[in-house]
Amino acid sequence: MREDWGLSDLQLLFLSFAVVAPTAILTLPRALALLAGQDGWLAALLALPAGLIPLVLLWDLDRRYPGQTFTEQARQALGPLLGRVAAALAVLLFALLAVVVTREVTDAVHGENLPRTPLPVVVLLVLLAPVSVLRQGIETLARWAEILLPIGLVLLFLLVAGSLRDLHPDYLLPVLGHGWTPIWTGAVQPASFYAKVFALAYVLPFRGDGRKGAFLAAAAGLFAGAVLLALTAAVTVALFGPLAASLPQPVFEAARMISVAEFLAHLDAVAVAAWLALGLTKLALVAFAFVFALADLLQLEEYRPLTLPGAALTGVLAAVEFRSTAEFQIWVFIFWPWVALALCILLPFLVWSGAVLRGRSGRRGRTGGTGRGGRPGRARTAPSPSLPPGGRS
Amino acid sequence: MASERFAPLRREVTRLHQLSDLANEAASLELSLLWELSRHRRLSGHPDLDARLIRTLMGGRGHLTADYAERTVRLPGRGRGRLIWLSSMVETKILDSQIFGAISRAHVEGHAAEAKPVKAVDEAVRLLGEGRVLLLMPGQPPALALAARGYEHRQVGDPQKETSMRGSREAFVEDLATNVSLVRRRVLDPRLRVEPFVLGEFRATEVRLLWIQGLTHDPLVNEMRRRLRSIRLPQILDVRYIEELAADDPYTIFPTALFTERPDTVAAALNEGRLAVLVEGSPDALVLPVTFWSFLQAADDYYSSYWIASFLRLLRIGLALLALVFPALYIAVIVFHPEMLPGILAFYLARTRVSVPFPAVVEAFLMELAFETLREAGTHLPPKLSTSLSVVGALVIGQAVVSSGLVSWPMVVVVSVTAIANFALPSWEMATSVRLLRFALMVLAALFGVPGVLVGLALILGHLCGLRSLGIPYLAPLAPLTPHGLGDTLLRLPHWVPGRRPRLLEPYWKVEVPRGQRPHPPAGAGTFHSPR
């Protein structure tokens with residue numbers, strides 16, 4: 001194979017899809033049904049700009065500071081002190097995000113399948129695979145996502161196809177029955193999910209050399225995620241009608257209702273499989289952003305030593321921070337979206353405006369910072385990704 | 001008392017024994033010292049002296065190996081020389097007719113295809129051990145190594161482990177030269193390179209690295225050379241030794257190189273830009289780099305209709321998955337999610353398990369272990385005894401255990417289906433990996449149900465995604481996705497489809513199936529009768 005692997009556009013598409021899609025399937029349909037009623041799918045689509053803003057900012061930042069990670073860009077655009085503060089905020093954001101995702105994945109598995117297993121044990125189970133993949137580098141993670149996501153999607157579509165019989169499209173009518181207000185209030189939730197595409201700030205520098213389409217691919221992934229979310233929102237409403245707002249995990253409920261030829265019934269295990277395939281990928285990605293951003297902030301050569309401590313911290317926080325699923329749900333619905341949305345948009349915006357004020361145009365050249373070559377991230381994670389084909393890994 | 005009388009004698013005997021042990025040790029010590037000294041030392045050019053040194057190295061005082069043979073010969077024009085050989089490795093007929101004949105005709109250098117000048121002592125001894133005849137001569141070169149090798153080895157026969165319906169019926173044997181010729185006869189490409197390596201310390205084993213220059217990515221060849229050269233084992237009896245020391249990930253449970261006994265498989269791999277390693281004494285070749293999919297392919301795929309071949313490939317993927325997860329999934333469903341099953345089936349399963357005194361996990365582990373025991377016993381038993389084994393196995397496992405209510409019928413079905421699925425995998429190495437991982441998944445299933453199995457699968461997948469074989473990603477071309485290569489992994493597209501081969505080494509790929517090869521029979525007519 002080629003000597004410079006790097007991430008392909010397709011892998012970036014999948015990764016940005018992984019930021020948005022998984023959790024959206026689980027909890028968002030309910031939130032959308034709650035806030036926007038039958039127009040949830042519309043809210044899901046209308047919130048799309050919230051994800052495009054950070055992506056465009058990242059794209060422009062990458063143009064100005066080619067091939068650098070967000071931390072390095074922040075240090076150069078905002079100066080050493082402010083830049084570090086911004087980067088530290090990003091680390092905090094991703095740490096919280098990792099905790100939230102861990103808890104979400106855990107809660108679903110815990111509530112659905114292992115109600116009598118202690119929660120910390122389930123947290124451990126959930127963290128196992130993402131951590132092991134994380135330690136093998138971003139390229140392994142991308143390949144993993146490349147296989148897991150399609151599997152999850154196929155399973156999900158099987159579930160949707162299985163419940164086609166019970167769909168009542170008239171639940172979706174009238175469109176805009178309550179005017180625009182509920183749609184805007186409902187859009188905040190998906191918006192905060194889309195904005196988390198900011199996590200790609202630490203993945204995009206790993207794209208293969210000369211790939212111009214990376215940001216377009218990320219945008220496409222985001223769009224695909226939005227479409228999927230709109231679809232699940234519409235399907236849940238069409239399935240359950242007004243009831244959708246009161247079901248904690250509508251997709252799981254839908255899976256339970258399926259009965260094909262009297263043999264394939266109670267497919268909640270399939271739902272769990274789809275959910276794990278998507279959720280674990282997102283968890284791995286978010287954890288990568290967390291650990292890598294931290295390593296970058298501390299100017300470590302290698303992020304891997306931070307993987308286990310980072311995972312331990314995430315796991316402990318996910319297990320003890322919230323006393324119950326209900327408390328977590330409230331936190332995640334009322335408080336977290338605003339924080340995530342604000343940070344995900346503000347952080348890149350701050351750095352970007354710093355870069356604009358410094359008059360840093362798209363020309364090449366680099367100053368200060370690490371003083372390393374064109375793709376600084378590579379040197380750090382090099383051993384697995386960038387070995388020539390003969391290399392021992 | 002008699003014993004009193006013999007006591008001094010006995011003491012004396014013991015002392016003598018100890019002394020002889022000591023002498024033995026001293027001889028061994030002296031010998032190892034001599035070996036060290038003989039490293040890279042040049043032969044003197046005096047046949048008598050050299051012969052004495054070599055004789056000492058071959059056991060010398062009192063320990064000379066029995067097959068050591070030495071003759072003094074008169075070399076016309078060069079004085080007296082010595083011939084040394086090991087009678088167990090040399091064909092006497094060749095020795096008599098050719099070598100002695102050539103010596104008497106003063107024609108030594110030209111007597112045989114292989115007359116290799118030797119300068120160093122250790123090289124001379126090594127060649128002697130390989131079955132060459134050493135001719136020590138006065139002057140330069142001090143010695144010639146002549147080929148008169150002749151010993152019994154197995155004849156080329158049918159493949160025993162990788163059988164196929166169609167295609168070649170030849171398999172590798174233990175003789176290296178035969179194996180190389182088997183491959184070269186199929187490649188027929190002047191660019192085929194056969195690179196010699198001599199690995200191992202004293203038991204210097206001949207190893208051959210095969211590749212096609214211009215087809216194989218050069219960095220791959222260099223890397224493989226580097227890995228081969230870095231091997232320093234006391235002995236190399238089989239290609240497995242090389243696989244373990246040249247692997248990319250020393251801790252992986254999956255095979256990172258393909259073992260095959262089929263020369264046609266090796267030839268096909270070489271034509272795809274891969275490398276092959278042959279080892280003297282091993283009836284298997286090592287092919288690398290390989291991907292996960294190589295282990296789900298059989299030679300027959302290319303010799304049979306692409307419809308059935310593609311179907312079989314998809315089936316094998318399914319079977320690999322089945323062999324991996326079936327018992328685990330059964331445990332998970334029985335223990336954690338019986339509601340997933342249709343009502344009647346769930347009741348049936350519950351009814352069969354009424355008398356079983358174990359939890360499902362223990363039951364499954366017992367049966368799996370029983371089966372592994374049977375299989376292990378079967379592989380070590382001589383064929384004559386295997387019938388009694390199968391009778392015992394069938395009776396004990398199949399009948400007695402179930403009718404006594406220790407194990408339920410469905411569990412027997414699960415274990416047997418799993419075993420059959422495992423047998424259906426074309427690669428023994430991959431099948432064993434799957435076998436072992438199955439137990440890990442069963443534990444996960446017992447602890448965490450379906451999510452546990454899924455997490456286990458995700459872990460395995462993650463490991464596969466990070467694994468490499470000679471630097472090539474193990475899951476290529478699926479992850480990283482290169483759609484070009486998929487035509488020969490998941491499916492087997494027809495031979496006329498252009499560019500269907502795996503593009504492992506993209507920029508260096510020179511062999512392409514040319515376009516426009518799809519057969520186009522003349523339209524319309526349908527027969528070859530001339531129109532009236």
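For clarity, every value in this text was computed on a predicted model and none was experimentally measured. Chain naming here is simple, since letters A, B, ... match the order of the sequence lines and numbering starts at 1 in each.
For the pair B:Phe448/A:Val109, no side-chain contact is recorded, criterion being any heavy-atom separation below 4.5 Å from C-beta on. You'll find the side chain of B:His463 stays beyond 4.5 Å of the side chain of A:Ser132, heavy atoms only.
Expressed to the nearest 0.5 Å, how far CZ of B:Phe336 lies from CZ of A:Arg116 amounts to 8.5 Å. The distance from atom CG of B:Leu447 to atom OG1 of A:Thr117, rounded to the nearest 0.5 Å, is 9.0 Å. Between atom CD of residue A:Glu146 and atom SG of residue B:Cys465 there is a gap of 8.5 Å, rounded to the nearest 0.5 Å. A:Leu280 CG to B:Leu457 CG: the interatomic distance, rounded to the nearest 0.5 Å, is 11.5 Å. Rounding to the nearest 0.5 angstrom, the gap separating the CG atom in A:Leu148 from the CG atom in B:Leu461 is 5.0 Å.
In this structure, chain A has a heavy atom under 4.5 Å from the side chain of B:Leu475, while its backbone stays farther away. When heavy atoms are compared at a cutoff of 4.5 Å, A:Leu125 approaches chain B by way of both its backbone and its side chain. Of the two parts of B:Val450, only the side chain, counted from C-beta on, holds a non-hydrogen atom closer than 4.5 Å to a non-hydrogen atom of chain A.
No donor-acceptor distance shorter than 3.5 angstrom exists from the side chain of A:Trp144 to the backbone of B:Gly466, with no hydrogens or angles considered.
Atom OH of B:Tyr241 has more than 12 neighbouring heavy atoms from other residues, nucleotides or ligands inside a 6.0 Å radius. More than 12 heavy atoms of other residues, nucleotides or ligands shown are found within 6.0 angstrom of CG on B:Leu436.
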### Task
Starting from the C-alpha separation in whole Å, work towards a yes-or-no answer on side chain to side chain contact (heavy atoms under 4.5 Å, CB included) for B:Leu459 and A:Leu128.
CA-CA 8 Å; B:Leu459 270 173; A:Leu128 213 57; 3.8 Å; yes
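Residues A:Val133 and B:Gly462 share a closest heavy-atom pair of CG2-CA, 3.7 Å.
Comparing A:Leu114, A:Leu141, A:Val122, A:Leu10 by heavy-atom pairs within less than 4.5 Å of chain B, the highest count is held by A:Leu114.
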